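Predicted, not measured: the structure shown is a model, and the values here were computed from it. The chains referred to below are lettered A, B, ... by the order of the sequence lines, with proteins before strands, and numbering in each begins at 1. What you see below is based on every heavy atom in this structure, not just the backbone, and it leaves out hydrogens, waters and symmetry mates.
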Amino acid sequence: MPAEDPGRRRVVVADDGPVLVEGPVEIDLPDGSSVLADRPVVAVCTCRRSSIYPLCDTSHRGRRRRRKENP
Amino acid sequence: MTTTLPPAAERLDRPRLPAPRGELSAAVCDLLRGGTGSFPEVTPSDPFGHDLQLALALTSELHYRGFEGVDDDLEWAPAVVAARHAMADHYLAALRAELPGGDDLDDVVADLLVEPADGTGISYHLAGEGTAAQFAEYVAHRAHYHRKEADPQSWVVPRLQGAAKAGLVTVQHDEYGAGRAAAMHSTLFADMMTELGLDPTYGAYLDRTSRWVLAEVNLQTLCGLRRSLRGASVGLFALVELTSSPGSARLVRAARRLELGPATERFYAEHVEADAVHEQVLRRDVLRPLLALEPELAAGVVLGLQAGSYVGDRFSEELLAHWAEGRPSLTLDAA
């Protein structure tokens with residue numbers, strides 16, 4: 001995940017979910033509030049369905065009938 | 001003003017040997033107490049039975065914290081190694097026979113990334129109608145994994161190289177609190193146990209833990225420690241990270257509905273956020289480079305994903321069956 005050049009931060013645009021950013025980051029929101037995320041990689045929600053927006057909670061996942069679940 | 005805080009006193013937390021559950025676990029307890037008797041034939045035993053899984057867990061625990069009053073040197077004593085290996089092989093053979101197998105990793109992963117519209121597991125039950133006592137039972141069972149989170153996956157690190165190793169350690173660093181002991185997931189779990197009125201002592205519920213949780217951690221340990229099963233080790237790790245976020249979100253809802261407290265909410269909320277990231281890192285920075293380097297490991301990774309799902313589903317069925325009959329799945333009183 002980290003960029004090869006240590007002077008740069010890598011941002012990975014996933015084709016099926018969040019944008020991955022090297023942390024720690026401060027995410028400024030339109031209402032003037034900020035979210036501080038300290039982990040080494042931060043997943044920023046792009047589908048806007050996340051219940052912990054602006055961070056990803058995997059709500060972008062498709063839903064269909066399936067036979068099992070865990071946990 | 002400057003406040004100087006004394007260093008947090010940490011106490012060595014080693015479990016005691018639990019009471020055996022049958023012939024094999026009794027024989028292991030005897031070995032660990034210095035006995036030199038012969039070990040019973042393993043193959044007549046139920047490979048998924050409580051006796052074998054507890055016996056295997058006791059031999060595995062020597063790789064982790066050991067036991068109070070048990071010689072640490074027994075970890076690699078030939079008699080213990082032979083017993084451990086025989087039980088692990090019997091278990092593995094039975095597990096393989098239950099699984100569909102194959103090596104189409106993309107297909108198995110894609111299936112895991114779809115949320116069922118009609119899910120029915122433990123987290124659904126607890127989010128919807130479960131009781132605080134059932135939540136506590138679930139946590140007491142899961143302690144066997146979470147109080148050593150993410151130690152079973154650490155065994156595989158030296159068995160990987162390059163990009164896959166770097167990706168896996170990125171996730172491990174987060175599991176271990178990114179340098180802060182108080183933020184280690186195993187510590188957050190202990191905080192939750194205390195809040196729920198459970199005993200957070202390492203191994204406190206080992207004698208009562210579901211055989212399926214013992215089976216899950218036994219598999220993680222043995223795959224991590226066998227180079228030939230390193231693909232399965234990564235697969236088991238990937239399963240945890242791929243499926244944890246939605247289940248943890250349901251457990252956050254359960255904790256709020258039942259008003260269980262901030263430490264309980266925090267543990268599962270942390271996993272919603274962390275495992276949404278870990279899923280991406282596992283897929284992009286672990287599985288992808290691992291399979292590019294060693295494509296023949298695909299079947300092993302699939303084995304890990306399927307085996308982890310299998311034992312997880314049996315655990316879920318066991319608890320839900322108890323609760324459907326109004327029976328607790330374990331007693332929470334002091335042993």
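Residue B/R142 does not touch chain A at all, counting heavy-atom pairs closer than 4.5 Å. Contact of B/E216 with chain A is not made at all, since no heavy-atom distance falls under 4.5 Å. For B/R180, no part lies near chain A; criterion is any non-hydrogen pair under 4.5 Å. Proximity to chain A (any heavy atom under 4.5 Å) is shown, for B/A269, by neither the backbone nor the side chain.
For the residue pair B/E149/B/H271, the side-chain donor-acceptor check at 3.5 Å is satisfied. No donor-acceptor contact under 3.5 angstrom links the side chains of B/E137 and B/H322, judged on distance only.
The closest donor-acceptor contact from the side chain of B/R253 to the backbone of B/L126 lies at 3.5 Å or more, if one exists at all.
Within the 4.5 Å cutoff, the side chain of B/W323 has no heavy atoms near those of the B/T131 side chain.
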